[in-house]
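Remarks on the structure that follows.
As the structure is a prediction and not an experimental result, all values here were calculated from the model.
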Number of protein chains: 2
Amino acid sequence: MMLSQTEENYLKAIYSLAYANSNNISTTLISEAVKTKASSVTDMIQKLADKDLVHYKKYQGVSLTKIGQKIAVEIVRKHRLWEVFLLNKLHYNWDEVHELAEQLEHIKSDTLTDKLEAFLEFPTHDPHGDPIPDKEGNIEHHNNTMLSSVETGKSCVVIGLKDSSDPFLKFLDKLQIQLGNTLKVISKEPFDNSMLVETATTSISISNQISKNIFIKKL
Amino acid sequence: MMLSQTEENYLKAIYSLAYANSNNISTTLISEAVKTKASSVTDMIQKLADKDLVHYKKYQGVSLTKIGQKIAVEIVRKHRLWEVFLLNKLHYNWDEVHELAEQLEHIKSDTLTDKLEAFLEFPTHDPHGDPIPDKEGNIEHHNNTMLSSVETGKSCVVIGLKDSSDPFLKFLDKLQIQLGNTLKVISKEPFDNSMLVETATTSISISNQISKNIFIKKL
DNA sequence: AAAATAATTTAGATAAGGCTAAAAATAAAT
DNA sequence: ATTTATTTTTAGCCTTATCTAAATTATTTT
Ligand SMILES: [Mn+2]
Ligand SMILES: [Mn+2]
Ligand SMILES: [Mn+2]
Ligand SMILES: [Mn+2]
């Protein structure tokens, strides 16, 4: 099945939204994700339904079919592998790779993705900590433990981000927080749920908004 | 200036045709190069003329403007750098890289090309021996000495190909001729201008059609 | 120089993806 | 249970890149 870049972007958007929202995905949510108008989304999901890539009943929102899901995961796989390439090989920063990967994920080839994966030595996660699906489409999600849930006095390792937007990434750069860093919770402020956190080099105060967006593994 | 992939392909086609034909390029030639109908070409070259990328007078064919030429060379640069990446890093064969580079050359970024070039350690030629333009668009063409012009008894090194089509590349694979190989002309057949050539491992007969398509450096 | 042929341009259509504005359906609030 | 507000769909139009068929210009051939 030969899909346009636009169709691929819709599938990927629906996939991400379904992961975050579980039930049927609304036209409006998709329109925000692909930055277009709701009326255009209706057109496109009807087209995708004709191609059996989404389940769709008028006014009821959409969900991916088996084949739609498979294609979406392939695009996610390509996106994340290209991000690894851009960071590890071309030395981009983690806040620069997403935009370029948005283009590179649409390169069509039967062999490119697997060759790229081998060249990168089979990375398991992208620069933002998101898991990279394997060749068969299997994907190991992390188990949603956030920094906000760590008890006072306990330590943890940063393994991922819920929000990987450029501003958030730049903000973490400023705090000198990177994937793999060990953080220790010194104290928690009941008033606003902020926490004092010890990094390798210093101590910083982190708002609840931030700590709810950082995936960690407890130590 | 933000150009579509289609517009970029037209500019690149006109650039290549101009290098091979020198004078103004006809609508028909372009239509063959971009695999479309002549009427579509007329539409597009009018659009490119409006954007000052080509010089165009009705019925007189087109030539690239300074800015059109600059853009075309940038795309050629990207194409050839990606081909080097695909061959050197992902271990594709030289007959497989072109199709993928046709897609990759359209990735838009201010920084990607230069970073890719640095990562590849500033290659000067692509896998088919074609010169890679530098950052400023300077390009060193080879001096059009063909294998067919080598005298009997003399040796030469293969440095490039006039025709880099997949069938020709596969044929050279069969003959075990690669870039960098030294060839010695054993004898020439006046009747059909074929030649007997000694390679590192064996002797082969090469037709004039082939020897006219192989750039060499005399030793 | 006129006629025939070939190349090029124009005119009119189509398909993809998008938009605005209006209509229809669903959800929320009285 | 109505009314109101929100969401979704439809209808009609636009742009880009393509096509076919017809008209026009250029090039050959006689
Ligand atoms: Mn990304
Ligand atoms: Mn990512
Ligand atoms: Mn090529
Ligand atoms: Mn090449």
Side-chain angles (χ1 to χ4, degrees), chain A residues 1-14 17-18 20-64 68 71-72 75 102-103 105-106 108, chain B residues 1-14 17-18 20-64 68 71-72 75 102-103 105-106 108:
Chain A
M1 177 145 14
M2 181 61 187
L3 299 179
S4 69
Q5 294 200 184
T6 307
E7 290 170 316
E8 290 188 347
N9 283 335
Y10 272 85
L11 292 180
K12 193 166 63 111
I14 296 166
L17 291 167
N21 300 272
S22 82
N23 44 341
N24 277 14
I25 304 306
S26 75
T27 302
T28 311
L29 269 180
I30 299 172
S31 76
E32 286 162 4
V34 302
K35 296 191 204 311
T36 187
K37 293 297 157 73
S39 56
S40 303
V41 172
T42 301
D43 279 350
M44 179 56 89
I45 62 188
Q46 285 169 350
K47 208 174 112 187
L48 295 175
D50 288 345
K51 295 188 179 186
D52 287 317
L53 298 173
V54 298
H55 298 294
Y56 171 58
K57 277 211 196 86
K58 273 190 189 179
Y59 295 100
Q60 301 310 124
V62 296
S63 61
L64 292 175
I71 294 170
I75 303 164
E102 283 295 320
Q103 298 181 61
E105 71 191 3
H106 300 294
K108 303 283 193 301
Chain B
M1 179 146 11
M2 181 61 185
L3 299 179
S4 69
Q5 295 200 182
T6 307
E7 291 170 316
E8 290 188 347
N9 282 335
Y10 272 85
L11 291 180
K12 191 166 64 112
I14 295 166
L17 291 167
N21 300 271
S22 82
N23 45 340
N24 277 16
I25 304 306
S26 74
T27 302
T28 310
L29 268 181
I30 299 171
S31 76
E32 286 161 4
V34 301
K35 296 190 204 311
T36 187
K37 294 297 157 72
S39 56
S40 303
V41 172
T42 302
D43 279 349
M44 180 58 87
I45 62 189
Q46 285 169 350
K47 208 174 110 188
L48 294 175
D50 288 344
K51 295 188 180 186
D52 287 316
L53 299 172
V54 299
H55 298 293
Y56 171 60
K57 277 211 195 86
K58 273 190 189 181
Y59 296 98
Q60 302 309 124
V62 297
S63 61
L64 292 174
I71 294 170
I75 302 164
E102 283 295 321
Q103 298 181 60
E105 71 191 3
H106 301 294
K108 304 281 194 302

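B:His106 and B:Gln5 share no side-chain donor-acceptor pair at under 3.5 Å. Donor-acceptor pairing under 3.5 Å is lacking for the side chains of B:Asn24 and B:His55.
Which of D:dT7, C:dT8, C:dT10 sits closest to the side chain of A:Thr28 comes down to D:dT7. In the set C:dT9, C:dG18, D:dT18, the nucleotide with an atom closest to the side chain of B:Asp43 is D:dT18.
Residue B:Ser39 is in base contact, counting any heavy-atom pair closer than 4.0 Å across all strands shown. Counting non-hydrogen atoms under 4.0 angstrom, A:Thr42 reaches a base of the nucleic acid. Among the protein residues, A:Ser40 comes within range of the nucleic acid bases, having at least one heavy atom under 4.0 Å from a base atom.
When the P atom of D:dT7 is taken as reference, atom CG of A:Asn24 falls 17 Å away, rounded to whole Å. Distance, A:Met44 CE to D:dT9 P: 15 Å, rounded to whole Å. One interatomic measurement links the two molecules: CD1 of B:Ile25 to C1' of C:dA7, which rounds to 15 Å at whole-angstrom precision. The separation between A:Lys37 atom NZ and D:dC13 atom C1' is 15 Å, rounded to whole Å. Rounded to whole Å, the distance from CD1 on B:Ile30 to C1' on C:dT8 is 12 Å. Straight-line distance from the NZ atom of B:Lys58 to the P atom of D:dT25: 8 Å, rounded to whole Å. Rounded to an integer number of Å, the gap from B:Gln60 CD to C:dA7 C1' is 12 Å. Distance CD (A:Glu7) to P (C:dA15): 15 Å, rounded to an integer number of Å.
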Query - Test side-chain contact (heavy atoms from CB on, under 4.5 Å) applied to B:Leu53 and B:Leu3, step by step - result: CA-CA 11 Å; B:Leu53 299 172; B:Leu3 299 179; 3.9 Å; yes
Report task. Step by step, work out the side-chain contact (heavy atoms from CB on, under 4.5 Å) result for A:Thr42 and A:Tyr56. Result -> CA-CA 10 Å; A:Thr42 301; A:Tyr56 171 58; 4.1 Å; yes
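For C:dA16, neither phosphate oxygen OP1 nor OP2 lies less than 4.0 angstrom from any side-chain nitrogen or oxygen of A:Thr6. Regarding contacts with the backbone of C:dA7, every side-chain N or O of B:Ser26 stays at 4.0 angstrom or more from both OP1 and OP2.
B:Ile71 approaches B:Leu11 most closely through the heavy-atom pair CG2-CD1, 3.8 Å.
Applying the Watson-Crick and G-U wobble criteria (two distances, each under 3.5 Å), C:dA28 pairs with D:dT3.
Toward the 5′ end of DNA chain C lies the nearest nucleotide of A:Tyr10, the other residue of the pair A:Tyr59 and A:Tyr10 mapping further downstream.
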